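Reading through the structure tokens given below for one structure.
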Amino acid sequence: MTSWDPIGTALATLLALSVTASAAALLPARIRPRLVGPLLAASGIAGALGGVAALSGRSWRLDLPELLPLAGVQLSADALSGWFLLLIGAVTTLAGIYTIGYAESTGQGPGSRTALLVLPMFTGSMLLVPVADSVPTFLVCWELMAVTSLLLVLTEHRHRAEVRPAAIWYAAMTQAGFVTVLIGLVWLADRCGTDFATIRATAPGWSAAAKAGVFLLCLTGFAAKAGAVPLHPWLPRAHAEAPSHVSALMSAAMVKLGVYGLLRVGFDLLGGGTRWWWLVVALFGAVSALYGIVQAVVARDLKRLLAFSTSENVGIILLAVGFAGLYARSDQPEIAALALAAALLHALNHAGFKTLLFFGAGSVVKATGTRDLDELGGLSRRMAATTAFVAIGALAAAALPPGNGFVSEWLLLQTLLHPGDSGTLLAIGAPVGVAVVALTAGVGVATYVKAVGTGFLARPRSAPAAGASESPVTMLAAMGLAALGCAVLAVAPAVVVPAISQVLAVLRWQPPPVATDAVAVQLTGHTARFGPAWIAVAVVGGVAAIGVLGRLVGRARRRQIAWDCGDGPLTARMEYTATSYAEPLQRIFDDTLAPERDVDVTHDEESAYYVEAITYRQRIPDRIENRLYRPVIGVLGRVGEAGRRLAPGVIHRYLAYMLTALVVVLIAGVIP
Amino acid sequence: MSWVVAVAQMLLVAVLAPFTIGVTKAVRARLEGRAGGRFGQPWRDLRKLLRKPPISPADAGMFFLAAPPVLMATSLIVAFTAPFVTTVGVGGSADLIVVVGVLLLGTVALALAGLDTGTAFGGMGSSREMAIAALVEPTLLLSVFALSTRVGTTSLGRIVEAGASDPARVFTPTSLLALAALGIAVLAETGRIPVDNPSTHLELTMVHEAMTLEYAGRDLAQVEWASAMRLTILLGLLGNLFVPWGVATELSPGWLAFGAVALVVKVLGLAALLAAGEVFLAKLRLFRMPELLAGSFALALLAVLASTILA
């Protein structure tokens with residue numbers, strides 16, 4: 001090689017560091033996390049730098065024909081790979097720093113040898129997925145990522161019984177998704193060639209029906225990986241039961257690879273297809289966004305809430321991708337580019353705030369041992385820094401200005417406002433899209449107010465919450481860096497516009513019609529404009545000025561107990577819990593959620609008019625799971641039971657099977 | 001120049017806000033056969049409260065302290081940038097999605113403060129407020145969106161300007177649907193009858209008041225003032241979107257003075273209308289609210305559909 005090759009160097013460094021990190025997991029328990037964490041962070045930095053290099057317009061290709069039997073390994077990086085390399089690399093870096101404090105030095109749970117051994121393999125294989133350049137390489141990396149993440153979900157299976165069913169759901173769903181992607185891509189490879197460059201060249205000449213088949217198969221698998229409804233049941237389980245740094249990696253980075261796969265196969269390899277492909281994607285997105293957020297708002301478990309919010313955000317991204325495809329197929333290249341830019345930006349924003357929120361949830365679980373919002377509360381005094389970081393993440397996740405989530409939703413709403421003259425489908429579809437995004441945002445705000453308000457504020461509702469103490473400094477540092485990333489994306493989203501233009505150039509699309517200066521985002525050709533930096537400065541400056549002015553001019557603040565009706569101090573039992581907080585919204589969405597309630601009233605022995613105790617139990621089952629999956633699981637179970645009767649342990653029966661099989665094969669061989 | 005105008009517009013809204021509340025209270029009292037206070041009474045109440053010390057509950061933290069300034073700041077930002085007096089320059093530069101978002105930020109700050117007090121009332125008000133906001137914000141966004149499609153931009157200044165220059169745009173089926181939806185959303189957002197009753201302190205019905213129960217002195221003054229500004233802002237936007245005449249489309253002193261007078265007339269007129277309407281209505285049961293709000297959401301969706309299909 002004559003000139004220096006930054007992408008190749010970065011990827012080689014990344015792999016070397018991942019392997020070293022895995023090797024470091026074999027050291028004694030006390031020093032293990034302190035070595036694996038920094039090495040993992042360094043590998044993430046290498047990955048992110050490789051991504052930046054790829055985003056600067058460089059391309060890179062490497063062919064290793066001897067590495068895998070039959071197919072070999074082909075790697076290459078373009079700007080689309082670069083965007084996801086950057087995203088995953090950044091999340092990996094933060095997760096590495098977080099691991100130092102999070103993985104206990106007792107060698108249990110996340111600090112165990114297996115967990116720390118597999119963690120760098122997981123991040124390494126995730127970082128290889130976007131640079132895979134042929135069908136076999138892509139499938140191998142994809143499967144490696146699935147298997148390593150499954151092992152990580154199982155980390156705490158000895159501590160909690162719920163981990164195993166969660167892992168089984170995850171394994172089943174991710175493998176089923178893999179099978180559909182496998183069939184789709186192998187079909188594609190069979191007809192159009194194995195490496196991506198050949199497919200790109202030959203796919204346009206292939207039959208449209210077959211391309212649609214490949215697209216639908218791949219979409220199913222990628223949507224399952226992305227956690228889109230109705231392929232989501234693994235997600236709230238796996239995200240909730242995995243250790244929190246793994247939840248962050250899965251939710252912020254891994255599900256985005258579903259989006260990457262969709263973009264790579266749909267737009268790049270198959271060349272965009274027809275309008276109904278993208279209508280299906282948009283419908284997936286709309287259903288995921290609404291169902292995800294309605295489930296999130298009633299969730300009691302903090303990590304389950306965050307997991308359903310992942311489904312919701314993936315829905316928003318898919319909605320944007322779907323509309324990008326619809327606009328592109330309706331000869332509206334400008335708005336299509338804007339929609340795809342919104343999707344890419346939202347993917348990055350979601351990675352930022354969801355990493356932060358899962359880290360925050362991890363700190364809470366570590367400090368209190370519970371994820372149940374009804375048992376938490378009072379953490380704003382005991383864990384002030386964590387509370388502040390979670391509040392920043394929640395601001396972004398609720399898509400409120402001046403958070404970074406607001407910027408990408410603003411862009412998405414702008415694209416939906418300009419359906420142009422693109423036919424009836426978009427004239428109806430775009431307003432419905434606006435309604436979906438608006439309703440999702442509205443319920444999303446309630447979700448995060450509930451998460452922060454009942455989880456962190458006022459008085460603690462249980463002894464563990466009362467005894468909570470702040471997390472180690474490395475965990476806070478990881479959260480601080482994630483918050484900083486969110487702040488940069490919130491105040492200066494303009495910095496990523498050139499990178500997005502490069503990504504769109506890979507797909508042979510025009511750059512998004514966004515003109516940016518230092519402070520404002522403006523759509524060229526339209527008058528829509530807003531200045532995220534101005535809003536941030538105005539809100540922060542205004543609040544500070546009003547607060548300081550009040551303190552300088554007005555009288556000093558006094559502290560008193562809140563009015564308790566003269567009946568002794570208020571107790572934590574009088575506070576609103578997460579369940580009671582979501583009750584009005586649960587009532588509104590009663591038909592969708594169909595909660596199961598169980599009220600037991602115990603009467604006094606003396607008289608039935610006096611009530612001694614009321615027990616109220618409520619469970620909100622996932623209806624899609626019950627209606628869609630339980631019947632399938634039931635049928636499969638019965639088929640399995642029936643299959644047992646074929647093998648009763650009688651040798652004669654087995655000999656008969658063999659004879660029959662032989663005869664069938666012979667007959668099949670004779671018939672031409 | 002345009003900065004000075006924007007600051008003046010912000011101050012006008014801030015000064016006008018307590019009078020808006022004063023007008024609603026006075027009109028209501030007169031119609032109910034009571035003497036009632038004068039138009040300036042809310043200003044005197046604010047002056048009294050500002051002199052008193054703020055009191056924090058023992059269990060409350062930063063969120064309780066931060067909410068009144070956040071509420072004030074968000075209201076002032078909207079008053080600074082949205083087209084009330086003029087559609088030109090900084091004073092007319094606001095984007096409608098940003099306006100809805102910034103107002104929602106204030107709502108969220110107060111909802112978190114309600115929870116931060118640790119009292120049952122605070123949590124109750126907060127929970128109800130967020131349930132209502134979850135349905136109102138989409139309606140607000142959607143109905144203004146319906147008006148924006150005809151202009152092709154989300155800039156509130158351009159939308160109002162287009163209405164002022166071409167009155168035929170204002171009287172369309174889209175506008176009427178959007179007006180109905182936006183009207184209900186404004187009532188819900190500002191906590192008026194039939195969604196919330198600003199003069200009740202009964203636990204069965206109270207929403208906004210329940211969150212502010214623990215505030216006293218300067219804090220309470222800020223919360224009340226900011227709430228009055230939110231009412232003024234939303235009435236002003238309603239007025240300028242559907243009756244855009246009088247708003248200054250150029251930055252000359254004469255136009256600006258006329259714009260300011262027009263704003264005062266529109267806001268106080270709508271406030272009087274609101275109060276008169278409230279006399280004849282009863283507050284809805286809390287759990288009948290979703291029907292009303294879902295209805296207004298459906299109207300807003302119809303408005304947007306009408307705007308794209310009929311366009």
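Lettering of chains follows the sequences in order, A, B, ..., and the numbering in each one begins at 1. All values derive from a computational prediction rather than experimental measurement.
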Open item on the list: Taking salt bridge (charged side-chain N to carboxylate O under 4.0 Å, His left out) as the cut-off, I'd like each qualifying pair that reaches into residues 212-227 of chain B, sequence neighbours left out, listed once.
Closed with: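 As it turns out, the salt bridge (charged side-chain N to carboxylate O under 4.0 Å, His left out) pairs with a partner in residues 212-227 of chain B, which skip direct neighbours, are Arg557(A)-Asp219(B).
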
Open item on the list: Enumerate the salt bridge (charged side-chain N to carboxylate O under 4.0 Å, His left out) contacts for residues 50-61 of chain B, please, sequence neighbours excluded, ordered by first and then second residue.
Closed with: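 Pairs touching residues 50-61 of chain B that pass the test: Arg459(A)-Asp59(B).
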
TODO: Identify the residues of residues 103-112 of chain B whose heavy atoms come closer than 4.5 Å to a heavy atom of chain A, ordered by number, or report 'none'.
DONE: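 Leu104(B), Leu105(B), Val108(B), Ala111(B), Leu112(B), listed by number.
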
Between [options], which shows the greatest number of heavy-atom pairs under 4.5 Å with chain B?
options: Glu409(A), Glu575(A), Arg381(A), Lys450(A); value: Arg381(A)
options: Gly547(A), Ala438(A), Ala446(A); value: Ala438(A)
options: Val449(A), Val539(A), Ile535(A), Ile588(A); value: Val449(A)
options: Gly542(A), Gly453(A), Ser580(A); value: Gly453(A)

Task: Worked check of side-chain contact (heavy atoms from CB on, under 4.5 Å) between Asp95(B) and Gln414(A) - done: CA-CA 11 Å; Asp95(B) 182 272; Gln414(A) 291 297 337; 3.7 Å; yes

Is there side-chain contact between [X] and [Y], with at least one heavy-atom pair below 4.5 Å?
X: Phe530(A); Y: Thr154(B); value: no
X: Leu115(B); Y: Tyr581(A); value: yes
X: Leu305(B); Y: Ile428(A); value: yes
X: Ile97(B); Y: Phe406(A); value: yes
X: Thr119(B); Y: Met574(A); value: no
X: Tyr576(A); Y: Ser126(B); value: no
X: Glu137(B); Y: Val445(A); value: no
X: Leu417(A); Y: Ser148(B); value: yes

Segment of [X] engaging chain A (4.5 angstrom heavy-atom cut-off):
X: Ile55(B); answer: both
X: Met289(B); answer: neither
X: Leu301(B); answer: side chain
X: Phe121(B); answer: neither
X: Thr139(B); answer: neither
X: Gln222(B); answer: side chain
X: Thr149(B); answer: both

What part of [X] gets within 4.5 angstrom of chain B, counting heavy atoms only: side chain, backbone, both, or neither?
X: Glu583(A); answer: side chain
X: Leu570(A); answer: side chain
X: Arg559(A); answer: both
X: Ala441(A); answer: neither
X: Ala398(A); answer: neither

- [ ] Rounded to the nearest 0.5 Å, what's the gap from CG on Leu585(A) to CZ on Arg128(B)? Could you check?
- [x]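 With rounding to 0.5 Å, CG (Leu585(A)) is 13.0 Å from CZ (Arg128(B)).
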
Task: Inter-residue atom distance Thr117(B).OG1 - Trp563(A).CH2, 0.5 Å rounding - done: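 Between Thr117(B) OG1 and Trp563(A) CH2, I get 15.0 Å after rounding to 0.5 Å.
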
- [ ] In sequence, state the C-alpha distance, the side-chain angles, and the governing distance for Thr387(A) and Phe63(B), and then conclude on side-chain contact (heavy atoms from CB on, under 4.5 Å).
- [x] CA-CA 11 Å; Thr387(A) 307; Phe63(B) 288 83; 4.2 Å; yes

Task: For Phe145(B), ring-ring contact (aromatic ring centres under 6.0 Å, His included) partners two or more places apart - done: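 Per chain and number, Phe145(B) pairs via ring-ring contact (aromatic ring centres under 6.0 Å, His included) with no residue.
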
TODO: Flag the one option from Pro53(B), Pro54(B), Ala66(B) with the top tally of heavy-atom pairs under 4.5 Å to chain A.
DONE: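 Top option by heavy-atom pairs under 4.5 Å: Pro54(B).
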
Open item on the list: Quick check for you: among Ala73(B), Ala133(B), Ala300(B), Ala58(B), which has the greatest number of heavy-atom pairs under 4.5 Å with chain A?
Closed with: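 Highest number of pairs under 4.5 Å: Ala58(B).
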
